[in-house]
Amino acid sequence: MLMNKETSDALDVLYNQFFNLNALFDNAVSYMLNEWCMPNASNIIHHNLAHGFPIMADMISEIKDNYDERSIRMELPKHDETYVDLSEMMDNLFGYCNDTYEMIKQVGKVAMDNNDFNVVCDLVGFTSVFNKIIGQVITLQNKAKQMPTEYDKFDRHIDKWGIVGLE
């Protein structure tokens with residue numbers, strides 16, 4: 001056995017977190033489109049970030065597949081958040097991404113504690129992918145702080161900020 005059950009269970013929690021991020025971002029882009037009339041920003045964030053999270057879930061699942069372990073998908077929380085402005089929205093999205101980063105580190109610790117070095121190595125490569133996404137979320141957070149209620153300006157300029165997702 002190349003993966004301890006505790007490591008496998010921790011990977012399932014992380015796997016589900018990426019579906020949770022997808023749901024959270026989907027709610028946010030719907031809010032942007034329908035409450036603030038931001039079609040460009042909604043489209044870019046939806047296709048370049050929200051759609052990347054299930055792909056990252058698949059990457060976590062592939063780690064388990066490599067060792068003949070299946071991924072278990074759990075129930076997701078309901079996401080119906082509302083926001084007072086862009087700054088609050090982007091702070092929330094970043095907060096969830098930061099929590100996910102902490103989860104990745106915790107899963108790595110669980111794998112290390114269980115001598116699942118192979119999983120630790122897989123997570124290092126995965127973290128490099130996630131770092132690209134969280135960097136783009138930080139850019140959005142910084143821009144939202146500069147123009148928290150300037151919805152038209154944010155929407156008009158977002159395509160210049162390098163929000164390209166996983167490429």
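Just so it is clear, the values below take in all heavy atoms, side chains as well, and ignore hydrogens, waters and symmetry mates.
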Residues forming a salt bridge (Lys or Arg N to Asp or Glu O under 4.0 Å) with Asp113, sequence neighbours excluded: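 For Asp113 the salt bridge (Lys or Arg N to Asp or Glu O under 4.0 Å) partners, ignoring immediate neighbours, are Lys109.
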What residues form a salt bridge (Lys or Arg N to Asp or Glu O under 4.0 Å) with Lys78, not counting sequence neighbours?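 For Lys78 the salt bridge (Lys or Arg N to Asp or Glu O under 4.0 Å) partners, ignoring immediate neighbours, are Asp80.
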About how many Å separate [atom2] of [Y] and [atom1] of [X], when rounded to the nearest 0.5 Å?
| X | Y | atom1 | atom2 | answer |
| --- | --- | --- | --- | --- |
| Met103 | Phe18 | CE | CZ | 9.0 Å |
| Ile138 | Leu93 | CD1 | CG | 12.5 Å |
| Asp155 | Met147 | CG | CE | 11.0 Å |
| Leu49 | Leu140 | CG | CG | 6.5 Å |

Polar side-chain atom of [X] near backbone of [Y] as donor-acceptor pair, under 3.5 Å:
| X | Y | result |
| --- | --- | --- |
| Asn48 | Leu166 | no |
| Gln136 | Gly165 | yes |
| Ser61 | Ser71 | no |
| Asp122 | Ile63 | no |
| Asp85 | Pro148 | no |

Side-chain heavy-atom pair [X], [Y] within 4.5 angstrom cut-off:
| X | Y | answer |
| --- | --- | --- |
| Met32 | Leu86 | yes |
| Val107 | Leu11 | yes |
| Asn131 | Thr127 | yes |
| Met90 | Ile45 | yes |
| Asn66 | Met3 | no |

So which heavy atom on [X] is nearest to which on [Y], and how close?
| X | Y | value |
| --- | --- | --- |
| Thr100 | Gln17 | OG1-NE2, 2.9 Å |
| Gln146 | Glu150 | O-OE2, 3.9 Å |
| Val137 | Cys97 | CG2-SG, 4.0 Å |
| Met89 | Ala28 | CE-O, 3.4 Å |
| Arg156 | Asn40 | O-ND2, 4.4 Å |
| Asn20 | Leu76 | N-CD2, 3.7 Å |

Pairs meeting criterion ring pair (Phe, Tyr, Trp, His ring centres under 6.0 Å) with involvement of residues 135-156, two or more places apart: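 Only Trp36-Tyr151, Phe154-Trp161 qualify under ring pair (Phe, Tyr, Trp, His ring centres under 6.0 Å).
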Are [Y] and [X] connected in a single hydrophobic cluster, I mean Ile/Leu/Val/Met/Phe/Trp/Tyr linked by side-chain heavy atoms less than 4.5 Å apart?
| X | Y | result |
| --- | --- | --- |
| Ile72 | Leu14 | no |
| Tyr96 | Ile60 | yes |
| Val124 | Ile134 | no |
| Met56 | Met74 | yes |
| Phe117 | Ile104 | no |

Within a 6.0 Å radius of atom CE on Met112, are there more than 12 heavy atoms belonging to other residues, nucleotides or ligands?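 Result for CE/Met112: open.
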Under the side chain to side chain contact (heavy atoms under 4.5 Å, CB included) test, which residues partner [X], sequence neighbours left out?
| X | answer |
| --- | --- |
| Asn114 | Asn4, Glu6, Thr7, Val110, Asp116 |
| Asp26 | Asn22, His46, Ala50 |
| Glu35 | Tyr31 |
| Asn98 | Phe94, Tyr101 |

Decide whether a cation-pi geometry holds between Arg73 and Tyr15; the criteria are a distance under 6.0 Å from NZ or CZ to the six-membered ring centre and an angle within 45° of the ring axis.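 Judged by the rule, Arg73 and Tyr15 form no cation-pi pair.
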Matching residue for Ile44 among Asp159, Val29, Val164 - test: side-chain contact (heavy atoms from CB on, under 4.5 Å):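 Exactly one candidate clears the test, Asp159.
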Are Phe25 and Phe53 an aromatic pair by the rule of ring centers under 6.0 Å?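 Yes, they do, as the ring centres are separated by less than 6.0 Å.
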[X]: what forms a side chain to side chain donor-acceptor pair (under 3.5 Å) with it, not counting sequence neighbours?
| X | answer |
| --- | --- |
| Asn34 | Ser30 |
| Glu88 | none |
| Asn92 | Tyr83 |

Between Phe130 and Phe126, how do the two ring planes meet: parallel, tilted or perpendicular, split at 30° and 60°?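 Geometry flag for Phe126 against Phe130: parallel rings.
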Tell me which pairs pass salt bridge (Lys or Arg N to Asp or Glu O under 4.0 Å) where either residue lies in residues 48-66, with sequence neighbours left out.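 Every salt bridge (Lys or Arg N to Asp or Glu O under 4.0 Å) pair that includes a residue of residues 48-66, provided the two are not neighbours, is Asp12-Lys64.
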What residue pairs, at least two apart or across chains, pass salt bridge (Lys or Arg N to Asp or Glu O under 4.0 Å) with a residue in residues 89-104?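 Pairs touching residues 89-104 that pass the test: Asp91-Lys145, Glu102-Lys105.
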